[in-house]
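Reading through the structure tokens given below for one structure.
Ligands are counted one by one from 1 in listed order, and the atoms in each one are counted from 1 as well.
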Amino acid sequence: MQKNILIVGAGFSGVVIARKLAECGHKIRIIDRRSHIAGNCYDARDQETNVMVHTYGPHIFHTDNKEVWDFVNQYSVMMPYINRVKATYKNRVFSLPINLHTINQFFNKTCSPDEAKALIASKGDSTIETPLTFEQQALKFVGKELYEAFFKGYTLKQWGMQPSELPASILKRLPVRFNYDDNYFNHKYQGMPQQGYTSMIENMVEHPNIQVELNVDFSDDDRGGYDHIFYSGPLDAFYHNKFGRLGYRTLDFDRFKYDGDYQGCAVMNYCDQDVPYTRITEHKYFSPWESHEKSVCYKEFSRNCEEGDIPYYPIRQMGEMTLLHKYLDLAEKEESITFIGRLGTYRYLDMDVTIAEALNTAKIYLQSLSNQDNKMPVFTVNVR
Ligand SMILES: Cc1cc2nc3c(=O)[nH]c(=O)nc-3n(C[C@H](O)[C@H](O)[C@H](O)COP(=O)(O)OP(=O)(O)OC[C@H]3O[C@@H](n4cnc5c(N)ncnc54)[C@H](O)[C@@H]3O)c2cc1C
């Protein structure tokens, strides 16, 4: 039987579920409070330069998940794109992630892979047995010089916290490559949608069973009017922040134009503590198959999210987790609603994980319809 479904949020989470359920004959209404679809992945061409600009910060698609890769390829031509990040520190430019080139540049050496391994091992702080903090973990792995150059200032600026206040778990593996591989991601499939993410998501909602309404905020009156609601807005906002606001970092972008080529690469990190921004992104480099004389760049600043700011990165430290559990206790009592996506589940999610979770959520919902014993859960992932 056809179900009447409301989806709150036209980002990847909402739209992927909408598409899968629409294809099974259900009637979908998507609302978004913004004036555009695509959520934080929204991109649009700059009118003057025609450069495709990633409005809410640069987005690079990378995944090992073939199902997700095949899915996005149905809605866009994916163009080859490899992210190669550079870093400026003390007036010198280095290659990231730390690789053999970085090590040789930084220590002014010509090490082979084995020599570099020995060098880094000799730099690591062997007195730290069980690292408890991010700082200790980095010092143990790479030693003081590389830690101070590439982790300390950048992390402080990005998270607004000393690395000694962050958990060691952030740095799970040795963040160094002993070869010249400077591909920022390790994933098998990497690329960029030829016409941008907005166009890809427009193609996903192009279905007779999907109706999209923009500039529409979710209201409590919407509850009860549908067979099911999928909500990708912030979990705390759903409950009118009754216990307080969950902590996020937000970003400010100083957008500027340049007549020519500003920095010669897509992403330049700034690791010095006294440089207030974390990175500069030059957006024409995210579409290397296009050519543009003029350029559009973003200088990126990170700070704590205040009321009215766009929440970007969930902080998930101890205080936030205590608050989160209060909201989860409330949410888990709900009926006919599922919280989805990065805001609904208060987790940082890359696009591929977002899409994989959305595909899975749609499957679980369809199973719940075909088998009365399978109640649709409020969360389809572990959020605690
Ligand atoms: C700076 C930055 C860079 C990133 N770079 C990458 C990258 O390079 N690669 C990668 O894979 N991932 C990247 N990501 C992650 C990517 O942005 C997310 O995976 C993706 O946006 C999650 O989609 P979503 O639908 O869950 O959330 P969103 O895209 O945030 O969509 C949620 C939507 O819900 C709407 N909404 C919220 N509340 C309401 C309400 N009450 N009523 C109506 N509408 C509402 C919002 O307006 C929004 O449009 C990056 C994220 C950030 C912050």
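For the pair Lys152 and Tyr147, the cation does not sit on the ring face, since its NZ or CZ is not both under 6.0 Å from the ring centre and inside 45° of the axis. A cation-pi arrangement is absent between Lys299 and Phe253 under the rule of less than 6.0 angstrom and at most 45 degrees off the ring axis.
For ligand 1, none of its N or O atoms has an N or O atom of Tyr231 under 3.5 Å away. Distances between N or O atoms of Tyr312 and those of ligand 1 include no value under 3.5 Å. Considering backbone and side-chain atoms together, Thr354 places an N or O closer than 3.5 Å to an N or O of ligand 1. At under 3.5 Å, not a single nitrogen or oxygen of Ala38, backbone or side chain, sits near a nitrogen or oxygen of ligand 1. Considering backbone and side-chain N/O atoms, Arg33 comes within less than 3.5 Å of an N/O atom of ligand 1. The shortest N or O to N or O distance between Gly233 and ligand 1 is not under 3.5 Å.
Of the protein's non-hydrogen atoms, the one nearest atom 29 (O) of ligand 1 is Asn40 N, 2.9 Å. The nearest heavy-atom contact from the protein to atom 46 (C) of ligand 1 is Asp32 OD1, 3.6 Å. In terms of protein heavy-atom proximity, atom 42 (N) of ligand 1 is nearest to Phe218 N, 3.0 Å. Protein heavy atom nearest atom 2 (C) of ligand 1, with residue, atom name and distance: Tyr313 OH, 3.4 Å. Counting only heavy atoms of the protein, atom 11 (O) of ligand 1 lies nearest to Met351 N, 2.7 Å. At the shortest separation from atom 21 (O) of ligand 1 among protein heavy atoms lies Cys41 SG, 3.6 Å. Atom 10 (C) of ligand 1 has its closest protein heavy atom at Asp350 OD1, 3.2 Å. For atom 24 (P) of ligand 1, the closest non-hydrogen atom on the protein side is Ser13 OG, 3.4 Å.
Ligand-side atoms of ligand 1 in range of Leu349: 15 (C), 16 (C), 18 (C), 19 (O), range being under 4.0 angstrom from any heavy atom. Residue Pro234 approaches ligand 1 through these ligand atoms, each under 4.0 Å from one of its heavy atoms: 37 (C), 38 (N). Within ligand 1, counting atoms from 1 as listed, the ones closer than 4.0 Å to a heavy atom of Gly341 are 26 (O). Each of the atoms 1 (C) of ligand 1 lies under 4.0 Å from some heavy atom of Tyr56. Each of the atoms 40 (C), 41 (N), 42 (N) of ligand 1 lies under 4.0 Å from some heavy atom of Asp217. Which parts of ligand 1 touch Gly9 is read off a 4.0 Å heavy-atom cut-off, strictly below it: atoms 33 (C), 34 (O), 35 (C). Annotation for ligand 1: atoms under 4.0 Å from non-hydrogen atoms of Ile60 are 7 (C), 8 (O), 9 (N), 10 (C), 11 (O). In summary, the atoms of ligand 1 found under 4.0 Å from a heavy atom of Leu251, numbered by their order in the structure, are 1 (C).
Contacts with ligand 1 closer than 4.0 Å are made by backbone heavy atoms (N, CA, C, O) of Val216 only, the side chain lying farther away. Within the 4.0 Å heavy-atom criterion, the part of Tyr348 lying near ligand 1 is the side chain and not the backbone. Counting heavy atoms closer than 4.0 Å to ligand 1, residue Pro58 contributes backbone atoms (N, CA, C, O) but none from C-beta onward.
Using a 30° and 60° split on the angle between ring planes, Tyr89 and Phe150 fall in the tilted class, from 30° to 60°. Ring geometry for Trp69 versus Phe61: interplanar angle of 30 to 60°, hence tilted. The aromatic rings of Tyr365 and His26 lie perpendicular to each other, with more than 60° between the two planes, well past the 30° mark.
A salt bridge does not link Lys20 with Glu67: every distance from a Lys NZ or Arg NE/NH1/NH2 to an Asp or Glu carboxylate oxygen is 4.0 Å or more. Using a 4.0 Å cut-off between charged nitrogen and carboxylate oxygen, Asp46 and Lys257 count as a salt-bridge pair. Checked for salt-bridge contact, Glu213 and Arg33 miss the test: no charged N lies under 4.0 Å from a carboxylate O. We find that Asp125 and Lys144 are not joined by a salt bridge, their nearest charged nitrogen and carboxylate oxygen being 4.0 Å or further apart. A salt bridge links Glu145 with Lys123; the closest basic N to acidic carboxylate O contact falls under 4.0 Å.
More than 12 heavy atoms of other shown residues, nucleotides or ligands fall within 6.0 angstrom of atom NZ in Lys86. Within 6.0 Å of the NZ atom in Lys294, the count of heavy atoms belonging to other residues, nucleotides or ligands does not exceed 12. A 6.0 Å sphere centred on OH of Tyr56 holds more than 12 heavy atoms belonging to other residues, nucleotides or ligands.
A donor-acceptor pair under 3.5 Å links the side-chain atoms of Asp222 to the main chain of Ser219, judged by distance alone.
Between Cys265 and Glu282 the shortest heavy-atom distance is O-CB, 3.5 Å.
Closest heavy-atom approach to atom 4 (C) of ligand 1 within the set His59, Glu357, Arg342: this belongs to His59.
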